[in-house]
Amino acid sequence: YRLMKMPKEAVRHLEKAYLLAPRNTEVIEALADAYEELGENKKALRLQYILLKILEKKEPTTQSIRYLFESEYYALLNGPAPISRNRTRIKNTQKKILYLLEKIGDKKERHKELISFVERYPLDSQIRVELAYSYLALNQNDKALDEFNKVLEINSQDRDSVFYVVDHHIQNGQYSKAQQLLSLIHI
């Protein structure tokens, strides 16, 4: 029904499937997407939170942090390491939650969620960049700068972070720091 652009029918059947299998991640994800298609973003968001909780139970945070450390080390030696399917689903669910919070217009809740994601996955540079931009949106420039610097500790090639920190150094007349940082990236 979703493929035929009939989201109401899809929701009707997916709700039945969800009642029969409330922990089936594919059903939850499909139902959340169908709700979003209908513009019922709060229902979609609620289901995305349920999905995230289930996915994270499959991959405890300590394992995620260890996996990230190992993958960073692997990447240094061999190039980017493949990310587990479950970790990819967690990241996609986090992105969807952030997207829905933005769509609903709840900047404060989105910011709180970003902080929570960073606490759970401290080496995830993408989420840290999102948090830095969220700090900028809240006019908390010092905290944004701290986050961009933390991103650079994890990934010295992150362009958003490099350019923000370089711009900060230039504005403060710290030209040698700016030049040194720019020399580290491959443009």
(request) Assess the side chains of D167 and Q171: does a donor N or O sit below 3.5 Å from an acceptor N or O? (result)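 Yes, side-chain donor-acceptor contact under 3.5 Å.
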
(message) Whether the Q126 and Y121 side chains hold a donor-acceptor pair (N or O, under 3.5 Å, no angle test) is what I'd like checked.
(response)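 Their side chains do not contain a donor-acceptor pair, so the 3.5 Å distance test is not met.
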
Without placing hydrogens or testing angles, list every side-chain donor-acceptor pair under 3.5 Å for residues 41-54, not counting sequence neighbours.
residue	atom	partner	partner atom	Å
K43	NZ	E40	OE1	3.0
Y49	OH	E113	OE1	3.0

(message) In this structure, would L138 and I115 fall into the same cluster of hydrophobic residues linked by side-chain contacts under 4.5 Å?
(response) no

(message) Grouping I, L, V, M, F, W and Y whenever their side-chain heavy atoms are under 4.5 Å apart, do L31 and M6 come out in a common cluster?
(response) no

(message) Check this for me: does any side-chain nitrogen of one of E130 and K95 sit under 4.0 Å from a carboxylate oxygen of the other?
(response) no

(message) Please determine whether a side-chain nitrogen of the Lys or Arg among K96 and E29 lies less than 4.0 Å from a carboxylate oxygen of the Asp or Glu.
(response) no

(request) Determine, stepwise, if the pair K108 / K112 fulfils side-chain contact (heavy atoms from CB on, under 4.5 Å). (result) CA-CA 6 Å; K108 288 184 181 179; K112 276 181 22 184; 5.9 Å; no

For a quick test of your reading: what N or O donor-acceptor pairs under 3.5 Å do the side chains of residues 18-25 make, sequence neighbours left out?
residue	atom	partner	partner atom	Å
N24	OD1	E26	N	3.0
N24	OD1	V27	N	3.1
T25	OG1	R89	NH1	2.9
T25	OG1	R89	NH2	3.4

Mark yes when over 12 heavy atoms from residues, nucleotides or ligands other than [X] sit less than 6.0 Å from its [atom1]; otherwise mark no.
X	atom1	value
Q180	CD	no
Q174	CD	yes
K107	NZ	no
N172	CG	yes

How many angstroms lie between atom [atom1] of [X] and atom [atom2] of [Y], to the nearest 0.5 angstrom?
X	Y	atom1	atom2	result
S125	N155	OG	CG	5.0 Å
L55	T88	CG	OG1	11.0 Å
E56	R120	CD	CZ	4.0 Å
H111	L101	NE2	CG	12.5 Å
L114	E147	CG	CD	9.5 Å

(request) May I have the step-by-step check of side-chain contact (heavy atoms from CB on, under 4.5 Å) for E36 and K103, ending in yes or no? (result) CA-CA 10 Å; E36 185 185 350; K103 202 171 179 180; 3.4 Å; yes

Can you name the closest pair of heavy atoms from [X] and [Y] and give their distance?
X	Y	answer
S161	V151	OG-CG1, 3.1 Å
L136	Y164	CD2-OH, 3.4 Å
A34	P7	O-CB, 4.3 Å
L152	D158	CD2-O, 4.0 Å
P122	R128	O-NE, 2.9 Å
Y1	A10	CB-N, 3.6 Å

Heavy atoms, side chains only, cut-off 4.5 Å: are [X] and [Y] in contact?
X	Y	result
V166	I170	yes
D124	K91	yes
R12	K16	yes
L181	K177	no

(request) Fit a plane to each ring of Y133 and F148, take the angle between them on a 0 to 90° scale, and name the class: parallel (under 30°), tilted (30 to 60°) or perpendicular (over 60°). (result) perpendicular

(message) The test is side-chain contact (heavy atoms from CB on, under 4.5 Å); show your working for L182 and V162 and say whether it passes.
(response) CA-CA 7 Å; L182 278 173; V162 168; 4.2 Å; yes

(message) Given E37, which partner from the list R2, K5, K8 fulfils the side-chain hydrogen bond (donor to acceptor under 3.5 Å, both in side chains) test?
(response) R2

(request) Take F117 and L98, measure what side-chain contact (heavy atoms from CB on, under 4.5 Å) needs, and give me the verdict at the end. (result) CA-CA 10 Å; F117 290 158; L98 295 173; 4.0 Å; yes

(request) List the steps and the verdict of salt bridge (Lys or Arg N to Asp or Glu O under 4.0 Å) for K150 and E153. (result) CA-CA 5 Å; K150 288 175 185 173; E153 290 172 14; over 6 Å; no

